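Take a look at the structure below.
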Amino acid sequence: EVPPLPDTAPKQVRFGVVLVTYVGAELASPTARSKHDALEHAQKLAADARTDFHAAVRRGDDGSADDVGRMQRGVLEPVAEYVLFTMPPGGISDPIDTPRGYWIAKRIE
């Protein structure tokens, strides 16, 4: 169960994301890595992202980007939204399991 967003959470955030897909995730290829291997890869990329987010983006899967733009509240699934909207600007998340695969998110603003 995901707690509700605090009243202090912004109405929108701008963020970047490193995507690591796995078999069964939305738009993943049939030859994508297993969920277990994807999590291991995402954990390594998350550690790297804390020192060089751009390098982690380059090593992520298609769909990874330094800046994916602005996202309004109420669009993402609850876990991803809670992490993104409670993280401070400049913060980088641990891997988040989303329908699209694992995300390592960086809140830009």
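These numbers come from a predicted model, not from an experiment.
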Can a donor-acceptor pair be found, under 3.5 Å and without considering hydrogens, that links the side chain of Arg73 to the backbone of Phe85?
no

When you group the ILVMFWY residues by side-chain heavy-atom contacts below 4.5 Å and let the links chain together, are Met71 and Val83 in the same group?
yes

Tell me every residue that passes salt bridge (Lys or Arg N to Asp or Glu O under 4.0 Å) with Arg58, counting only those two or more places apart in sequence or in another chain.
none

Quick check: closest heavy atoms across Ala49 and Ile104, and the distance to 0.1 Å?
CB-CG2, 4.2 Å

Output all residues satisfying side chain to side chain contact (heavy atoms under 4.5 Å, CB included) with Gln12, sequence neighbours left out; order by chain, then residue number.
Arg70, Gln72

Could you tell me if the side chain of Leu19 sits less than 4.5 Å from the side chain of Trp103, heavy atoms only?
yes

Smallest separation among heavy atoms of Ile92 and Arg50, with atom names:
O-NH2, 3.6 Å

Counting N and O atoms only, with roles assigned by atom type, does the side chain of Gln43 sit under 3.5 Å from a partner on the main chain of Pro95, one being a donor and the other an acceptor?
no

Minimum heavy-atom separation for Leu5 to Ala9, with atom names?
CB-CB, 4.2 Å

Distance col, row Asp94:CG vs Met87:CE, nearest 0.5 angstrom, shows 10.0 Å

For the pair Lys35 and Tyr102, evaluate side-chain contact (heavy atoms from CB on, under 4.5 Å) and give the outcome as yes or no after the intermediate values.
CA-CA 9 Å; Lys35 190 169 184 179; Tyr102 288 105; 3.4 Å; yes

Quick check on the hydrophobic clustering: are Val57 and Val20 connected, directly or via other members, by side-chain heavy-atom contacts under 4.5 Å?
yes

Are Leu27 and Val75 joined in one hydrophobic group, where the rule is that I, L, V, M, F, W and Y side chains link up if heavy atoms are under 4.5 Å apart?
no

Which heavy atom of Ile96 sits nearest to which heavy atom of Ser93, and what is that distance?
CD1-OG, 3.6 Å

Which atom pair, heavy atoms only, marks the closest approach of Ala28 to Tyr22?
CB-O, 3.2 Å

Once rounded to the nearest 0.5 Å, what's the spacing between atom CD of Glu26 and atom OG1 of Thr21?
11.5 Å

How many angstroms lie between NE2 in His41 and CG in Asp61, if you round to the nearest 0.5 Å?
6.0 Å

Kindly determine whether Ile108 and Phe53 satisfy side-chain contact (heavy atoms from CB on, under 4.5 Å), including the steps that lead there.
CA-CA 11 Å; Ile108 297 168; Phe53 190 76; over 6 Å; no

Give a yes or no on whether Asp52 atom CG has more than 12 heavy-atom contacts from other residues, nucleotides or ligands under 6.0 Å away.
yes

Under 4.5 Å between side-chain heavy atoms, hopping through other hydrophobics if needed: is there a path connecting Val2 to Phe15?
yes

Roughly how far, to the nearest 0.5 Å, is the CG atom of Leu84 from the CZ atom of Arg107?
8.0 Å

